[in-house]
**Q** 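For reference, the structure I am asking about is given below.
Since we're looking at a predicted model, the values are computed, not measured.
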Amino acid sequence: LLQAVAGLVLAVVIAAARRLLPALAGIGYLVATIGGLEWSVHWGLFGFRDSAQAPFAELSLVVEVTGVVVLAVGAALRVVAARRNENENERPGR
């Protein structure tokens, strides 16, 4: 439940702020979630061992990897746009 609430709050911050830091935090959140599932499948977590064949395990991995890719592309575009703006502001005569 805590993970779901944290993910929802982070998603709202990412959508509202449109900044690099929240996007990077979202990538970290998704990677940690993927890592937690993989850890649980292979070694167990909190006395519970999950299965890769569990309902929605594969779907959740697809959604989380897609989220990482989307946020990484968005963050890269943000960095490119910021550098482009810096270069335009440094031109003589402006």
**Q** Answer with yes or no whether the hydrophobic clustering places Phe46 together with Trp43; edges join I, L, V, M, F, W, Y residues whose side-chain heavy atoms lie under 4.5 Å apart.
**A** yes

**Q** Determine the minimum heavy-atom distance between Arg78 and Arg19, stating which atoms define it.
**A** NH2-NH1, 2.8 Å

**Q** Does Val62 offer a backbone N or O that forms a donor-acceptor pair with the side chain of Thr66 under 3.5 Å?
**A** yes

**Q** Indicate, with yes or no, if Val65 and Val70 share a hydrophobic cluster defined by side-chain heavy-atom contacts under 4.5 Å among Ile, Leu, Val, Met, Phe, Trp and Tyr.
**A** no

**Q** Given the rule that I, L, V, M, F, W and Y join up when any side-chain heavy atoms are under 4.5 Å apart, are Leu21 and Val31 in one cluster?
**A** no

**Q** Go through the steps for Glu58 and Leu61 under the test side-chain contact (heavy atoms from CB on, under 4.5 Å), then give the verdict.
**A** CA-CA 5 Å; Glu58 187 176 312; Leu61 285 175; 5.8 Å; no

**Q** Could you report the tightest heavy-atom contact between Gly26 and Leu10, atom names first, then the distance?
**A** CA-CD2, 3.5 Å

**Q** Are the side chain of Arg49 and the backbone of His42 linked by a donor-acceptor contact shorter than 3.5 Å?
**A** yes

**Q** To check you understand the geometry: which heavy-atom pair defines the closest contact between Ala57 and Leu37, and what is its length?
**A** O-CD2, 4.1 Å

**Q** For the residue pair Arg84 and Asn87, establish whether any side-chain heavy-atom pair is separated by less than 4.5 Å.
**A** no

**Q** Is Leu20 linked to Ile27 within one hydrophobic cluster, defined over Ile, Leu, Val, Met, Phe, Trp and Tyr using a side-chain heavy-atom separation of less than 4.5 Å?
**A** yes

**Q** Report the distance from atom CG of Asp50 to atom CD of Glu38, rounding to the nearest 0.5 Å.
**A** 10.0 Å

**Q** So which heavy atom on Tyr29 is nearest to which on Ala6, and how close?
**A** CE1-CB, 4.4 Å

**Q** Would Phe56 end up clustered with Val63 when hydrophobic side chains under 4.5 Å apart are linked, directly or stepwise?
**A** yes

